[in-house]
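Data block below; observations after.
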Amino acid sequence: MKNHRTKTILTHAGRDPRSNYGIVNPPVYHASTILFPDIESMEESAKRPFDGYRYGRSGTPTTTAFEQAVTALEGGHRSVAVSSGLAAITVAIGAFVRAGDHLLVPDSAYPPTKAYCDKVLGRYGVETTYYDPEIGAGIGDLIASNTRMIVLESPGSQTFEVQDVPAISATARDRGVVTMIDNTWATPLFFRPFDHGVDLSVHAATKYMVGHADAMMGVICTNSEEHFRAVKTECYLLGHSAGPDDLYLAQRGLRSMAARLAQHQTSALQIAQWLETRPEVAQVLYPALPSHPGHELWKRDFHGASGLMSIVLKPVDAAAVARMIDEMDLFSIGFSWGGYESLIVPQNPESHRRTVPWTAEGPLIRLHIGLEDVDDLIEDLEGGFTRLKAAP
Ligand SMILES: Cc1ncc(COP(=O)(O)O)c(C=O)c1O
């Protein structure tokens with residue numbers, strides 16, 4: 001599939017109707033036990049733990065269908081599916097660090113990624129330094145002799161700093177440090193980590209890959225057999241696995257991902273531009289806007305922008321924010337994003353920052369722009385701003 005363009009890959013990758021009675025979609029295999037015809041086959045299979053099927057936890061053809069599709073889409077070597085995006089992050093990091101190692105993580109990272117580094121890796125003697133996401137090649141100054149991995153997340157999924165991924169990964173490669181990016185915001189359609197020298201691309205497939213807010217899934221795409229084996233071994237040792245029905249939903253979500261992302265992008269840009277005109281809004285954090293501090297890097301490295309953004313409101317109290325959000329008609333209050341529906345949620349980045357304090361004066365609100373009619377969404381936000389200003 002590597003020679004086809006991405007929309008074609010999304011439509012065809014990971015399925016083989018001719019080996020499945022002509023049925024378009026791959027079958028859903030429910031399996032724990034997988035039977036061997038004889039002892040010799042069982043022993044042979046033990047010699048090839050990274051290939052074939054020997055026990056449900058290590059995967060079935062349903063797992064392979066999704067993993068192959070993601071690999072083709074990312075242009076990577078091999079992928080590993082797990083049961084959530086956070087599991088994908090923790091496996092991708094845990095596979096490479098040992099007691100005494102040092103890890104670099106952007107201060108803008110998804111907070112549970114930071115909590116894993118502090119509360120789990122910290123317990124096992126791995127030290128994490130949180131770096132300024134906008135550090136670029138300056139990352140070299142933070143690499144110590146025991147630095148094993150650099151984590152990236154671009155843009156940060158709450159505060160939207162765009163990272164200079166090529167500069168960071170080139171510096172890491174020179175110094176023998178493994179790089180891993182959380183590529184959930186962009187998807188492989190809008191950012192191609194392997195073209196920029198990154199070693200591992202991780203997705204909360206729960207978001208745009210599943211695309212319908214109805215399943216949890218994570219996937220790690222690797223750029224070499226060595227990295228693949230490290231990740232797959234970590235999964236096996238920790239008992240990670242992905243459920244067959246969720247894998248099916250994730251690979252089905254891929255088929256429409258390009259069409260959905262195109263609409264998320266169009267609507268999000270229109271709403272971001274409208275939000276910039278609003279007197280209640282101090283700043284719109286959406287990399288596709290020329291006013292965004294990371295816009296030039298985004299233009300250089302990305303192929304598009306998805307539907308997630310934040311706004312910084314001019315200073316107002318929490319009660320006013322609740323008045324604005326509680327009565328929304330289409331924007332619902334909820335975690336996650338990447339589904340077909342619009343979401344709104346206040347964020348508190350100040351409570352997670354270690355290195356780069358979050359100093360915005362007004363509250364930060366994150367919006368996921370769904371597939372509703374954009375004029376209806378704007379009307380909903382307009383109503384919210386009217387309530388924001390209304391005296392209690
Ligand atoms: C950027 C990012 N990465 C990873 C995750 C974790 O994904 P999951 O909820 O599937 O564990 C999330 C979830 O919100 C996220 O926003």
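Here the structure is a predicted model, which means the values were calculated and not measured. Atoms within a ligand are numbered from 1 in the order they appear, just like the ligands themselves.
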Please determine which of S154, P287, S108 meets the side chain to side chain contact (heavy atoms under 4.5 Å, CB included) test together with F160.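 Only one of S154, P287, S108 forms a side chain to side chain contact (heavy atoms under 4.5 Å, CB included) with F160, namely P287.
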Say you draw a straight line from CZ of R353 to NZ of K114; how long is it, rounded to the nearest 0.5 Å?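 Reported value, rounded in 0.5 Å steps: 6.0 Å.
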Do you see a donor-acceptor pair shorter than 3.5 Å between the side chains of [X] and [Y]?
X	Y	result
R260	T187	no
D38	S41	yes
Y53	T64	yes

Parallel, tilted or perpendicular: rings of H368 and Y208 (30°, 60°):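 Rings of Y208 and H368: tilted, 30 to 60°.
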Mind listing the N or O contacts between ligand 1 and protein, cut-off under 3.5 Å?
from     : atom 1 : to   : atom 2 : distance (Å)
ligand 1 : 3 (N)  : D182 : OD2    : 2.7
ligand 1 : 10 (O) : G85  : N      : 2.8
ligand 1 : 10 (O) : T206 : OG1    : 2.5
ligand 1 : 11 (O) : G85  : N      : 3.2
ligand 1 : 11 (O) : L86  : N      : 2.8
ligand 1 : 14 (O) : K207 : NZ     : 2.7
ligand 1 : 16 (O) : W337 : NE1    : 3.0

